[in-house]
Number of protein chains: 2
Amino acid sequence: MSDIKYNNKWFKSGLELLNEVLYGKWKFIIIWNLTDKPLRFSDLRKNIPSITDRMLSLQLKELEEEGFVERIVLEGNPPKIDYKLTEKSQGLLPALTALESFGRNLVQNKPPYKKVLSQEIPLPLSEDQESFFDML
Amino acid sequence: MSDIKYNNKWFKSGLELLNEVLYGKWKFIIIWNLTDKPLRFSDLRKNIPSITDRMLSLQLKELEEEGFVERIVLEGNPPKIDYKLTEKSQGLLPALTALESFGRNLVQNKPPYKKVLSQEIPLPLSEDQESFFDML
DNA sequence: CCGCATCCGGCTTGATACTG
DNA sequence: CAGTATCAAGCCGGATGCGG
């Protein structure tokens, strides 16, 4: 694997570089929530219950500076503010999809060597279905 | 999207859950470095130049507790210690591959995405543009 | 050298309150 | 609704030390 140079620094992997460019506890989650469509501050807060106003504000600001999110002011009374993904963050979506999937699979402690055919997996679980597993 | 329950807590996405289970600045990078084969402490330190002994030690310990990495003591004089991925972390590899790829692709795009308040700064060659040639 | 442990300072994040 | 302000807690970096 060759090294990578970015901003006059050398990195031994794209992951290290990404750590430099996009470090922040909530950034992946925010981007993930914006995949379908732009959202407002309050929508994001509702979709990410454990984030605080402060962190949402800070990380959105950084995401904007880093070019991953665009802040769109819609004139009106009251004016509304949309946060929208840029082209740059589109490239992250495959990775985030894979991370999302991995995170969801952590719930069922299935041994990974039990292969599951993806065609057989029904689409989303109904909301009650998880409580079944959680009665430990 | 349905909610997920894990350790008596509710999450609205697998990414949030993952943040709870696997938070740490260096964990993805460490796992990524262990994909091919088990490595020793010093090998990891060599592959991740910007990590300190302290952080490598801490994050390895947490990764072990969280079940993503196994610590293998090889008897001998001196005894050697290998760090090896568990089955659990195999599921992360697709995501890490995608993140690695995204990180590497960031180089080709114009690097400093930060807003620079400058009509006055001329466009010519920035230092970063050499990286284009350095990659060859 | 190897694999940590300890201490300290600084940066990141959390909790709560408050504003236009 | 879309954030700030302030303070406290926790995570991280750097230096140092230590037994093997």
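Labels below follow one simple rule: chain letters A, B, ... track the order of the sequence lines, proteins then strands, and each chain is numbered from 1. Owing to the predicted nature of the structure, the values given are computational and were not obtained by experimental measurement.
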Is it the case that over 12 heavy atoms from other parts of the model lie below 6.0 angstrom from the NZ atom of B/K80?
no
If the helix axis at each end comes from five base pairs, how far does the helix from C/dC1-D/dG20 to C/dG20-D/dC1 deviate from straight, to 10°?
30°
Output the rounded distance in Å from [atom1] ([X]) to [atom2] ([N]).
X: B/I30; N: D/dC12; atom1: CD1; atom2: P; result: 11 Å
X: A/E20; N: D/dC12; atom1: CD; atom2: P; result: 16 Å
X: A/K46; N: D/dG3; atom1: NZ; atom2: P; result: 16 Å
X: B/F41; N: C/dA5; atom1: CZ; atom2: C1'; result: 11 Å
X: A/D82; N: D/dG3; atom1: CG; atom2: P; result: 11 Å

Could you tell me the separation between the CZ atom of A/F41 and the OH atom of A/Y83, rounded to the nearest 0.5 Å?
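With rounding to 0.5 Å, CZ (A/F41) is 6.5 Å from OH (A/Y83).
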Which distance, rounded to the nearest 0.5 Å, do you find between the CZ of A/F102 and the CG of B/L96?
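The CZ atom of A/F102 sits 8.5 Å away from the CG atom of B/L96.
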Just to confirm, is there a sub-4.0 Å distance from OP1 or OP2 of [N] to any side-chain nitrogen or oxygen of [X]?
X: B/R71; N: C/dC4; value: yes
X: A/K25; N: D/dG10; value: no
X: B/R45; N: C/dC2; value: yes

Please give me every residue in residues 49-63 of chain A whose heavy atoms get under 4.0 Å of an atom in DNA chain D, ordered by residue number.
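Nucleic-acid contacts, sorted: A/D53, A/R54, A/S57, A/K61.
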Side chain of B/Y23: nearest nucleotide among C/dG3, C/dT13, D/dA2?
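Nearest nucleotide to the side chain: C/dT13.
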Pi-cation contact, B/Y23 with A/K25 (under 6.0 Å, within 45°)
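Yes; both conditions hold, so A/K25 lies above the ring face of B/Y23.
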Any salt bridge linking B/E66 with B/K88? Criterion: basic side-chain nitrogen under 4.0 Å from a carboxylate oxygen.
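Judged by the 4.0 Å cut-off on N to carboxylate O distance, B/E66 and B/K88 do not form a salt bridge.
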Nearest heavy atoms of A/V107 and B/K5, plus distance in Å
CG1-O, 3.7 Å
